[in-house]
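Below is one structure, written out as structure tokens; comments come after it.
Both counts, for ligands and for their atoms, begin at 1 and track the order of listing. Everything numeric here is computed off the predicted structure, so don't read it as measured data. Along the sequence shown, the residues carry numbers beginning at 1.
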Amino acid sequence: MADTIYYPSAEVCAQATVQEYDELYRYSIAHREAFWAEQAATLGWYKPWQQVLDDSNKPFYQWFVGGEINIVHNAIDRHLSGATRNKLAIIWESEKGQVRSFSYHALNREVCQFANVLKSMGVRRGDIVTIYMPQIPELTFAMLACAKIGAAHSVVYGGFSVEALAARIEDADSRVLITADGGYRRGKPTDLKSIANEAMQRSPSIEVCITVRNNGLDVLMESERDFWYHDLQALPIASPRCETEVMSSEDMLFILYTSGTTGKPKGLVHTHGGYAVYTATTHRMAFDIKPEDRWWCAADPGWITGHSYMVYGPLINGATLIMYEGAPNYPYPSRWWQMVEKYGVTILYTSPTAIRGLMRFGDRWPSRYDLSSLRLLGSVGESINPEAWRWYYDVIGGGRCPIIDTWWQTETGGFMVCPLPITPLKPGSATRPFFGNEVGVVDDAGNEVPVGEEGKLVIKNPWPGMARTIFRDPQRYAELYWGDYQAQGYYKAGDSAKRDQDGYLWVIGRMDEVLKVSGYRLGTAEIESALVSHPAVTEAAAIGLPHEMKGTGIHTYVLLKTGISGDKHLEAELKEHVARELGRIAAPESVHFVDTLPKTRSGKIMRRVLRARALGQDEGDLSTLEE
Ligand code: WTA
């Protein structure tokens, strides 16, 4: 645990919206429902709620029960009558340097058109629309259009591939898919539509596929199923006026699939009411959002960070957001810094992996640009190593900008542990709980472990942004997250952590089969099942090992079918196979051909043993190992 403490400057403190943490924190815990009701009251409701929190059916908590709201009413409609109407909502830059920008007024027209197109294709309230797109403005329009008409969206990250997309379409049983011909990455066009086509073959529930033209790639369109968005947009039905559907607080806003312990991804369900309140409040308070801010969340909307802090939270707060489609170091390692100067970015929110990736090119790239517009910096996805923290702080932030290190998860919807701009910082610690949350570091019995010792990270209370369930699998939700500490009613995060003498939390990492590779969340089981789908493979195990840039790198152990021998050629083929099935981000660093895998007597692969061996560490307790 680093011992240097970084105190915020007098200037930062003077500007801060929240001037004092302790007292407000105590209030938010003692009067949790009142605290959240006050926050909720800053949003627009069609009908006020009757009950802030309904905890009669634990762990299926409900928030703002009886209230009527639509998150789009808050993210767009409310801004149309005031000064925000003509403010820029989105500034988008493509890798090639194309710029498109949309005021709130223009955003509304785009979203209404998209909503009308969806309606004309038979999308109704309650439907689940799958979205598989590159990071272009239409991705945001599509998400907001679904929410506006009461349909739920299921966004699948554009870097995922056939099997990942097919499995998510199937689980959601989507009838409509929105995609694009493709995007760009490092100057080369990427092809999304052919991946979508293959996924639709594997998951036949899709009846309508709407394709946005982006990179002009020649793609296969199937008559009766496939439509170009620009053709539909030209029809009279695609009017730029559309009523926002009145939803109940607890109506489903979206599903987002994430990796867990099994091969089957879990669809976490988030709702209109609580999620709107939680993302807006956390974004406003932790990042001290001001009307003149230019907010850049350099994540992809395909992950929870993009949902909560690229789209919903910032738009509800009426911010101007920056969106960039492309690699951070293309064509030069100064691309981001050039954009910070060009757009006058005031807050940059990104991942430790991106910071490490840019740090490697040295100070000369950022030093060519004027980064003085920056006021705050943010980090998310994994613990930030002190070296990257200091570079971010000194070189990018010029020693002026507090780093808001936010710990949270797809399941939590928004920040759970994070500093405020006024909080003294320790590099590598996400500091203290956000308002309303009691965070514990406990042993298996649920007792707090002593200061400085490692324990399991738990949340001891419900919060408005919490996922409501796993789609179609409420039992798994109850068991997985709430089963271990049922008596106490604690939510188990799946991370291990320590708390120091100042009450600061230090997240150590995942305790389950989840890997955070470059901040992306992947499951060992998904990687293994992609390997096993190759005809040469009978069995496979995937583990994560430390990686200098990515945080964690994927390493695999493979048992081949009899008669097949492993060589360099097959190793390359298997890596490529995983990339093609699951996505490039999941491609292993190494493939080792082995004769046996360490297993328990009940047949479970002991990845812990593989890890220990790879790291040359003690293999630990081997009593359950077979043989
Ligand atoms: C990890 C991403 C340390 C953690 C928002 C968590 C972090 C998982 C941090 C969730 C952080 C996220 N410090 N670890 N600031 N932020 N994590 O669902 O292991 O993609 O459980 O959500 O990322 O990943 P997910």
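Checked by atom type, the side-chain pair Tyr392/Thr350 shows no donor-acceptor distance below 3.5 Å.
Side-chain rings of Tyr278 and Trp36 approach one another, their centers coming within less than 6.0 Å. Under the 6.0 Å cut-off for aromatic ring centres, Tyr309 and Phe415 qualify, their centroids lying closer than that. Aromatic rings from Trp463 and Tyr491 are positioned such that their centres are separated by under 6.0 Å.
For the pair Leu144 and Tyr312, the minimum side-chain heavy-atom distance is below 4.5 Å.
Sorted by first and then second residue, the ring pair (Phe, Tyr, Trp, His ring centres under 6.0 Å) pairs with a member in residues 436-455 form an empty list; sequence neighbours excluded.
Among protein residues, Ile304, Thr305, Val380, Gly381, Glu382, Ser383, Asp405, Thr406, Trp407, Trp408, Gln409, Thr410, Asp495, Val507, Arg510, Lys516, Arg521 come within 4.0 Å of ligand 1, judged on heavy atoms.
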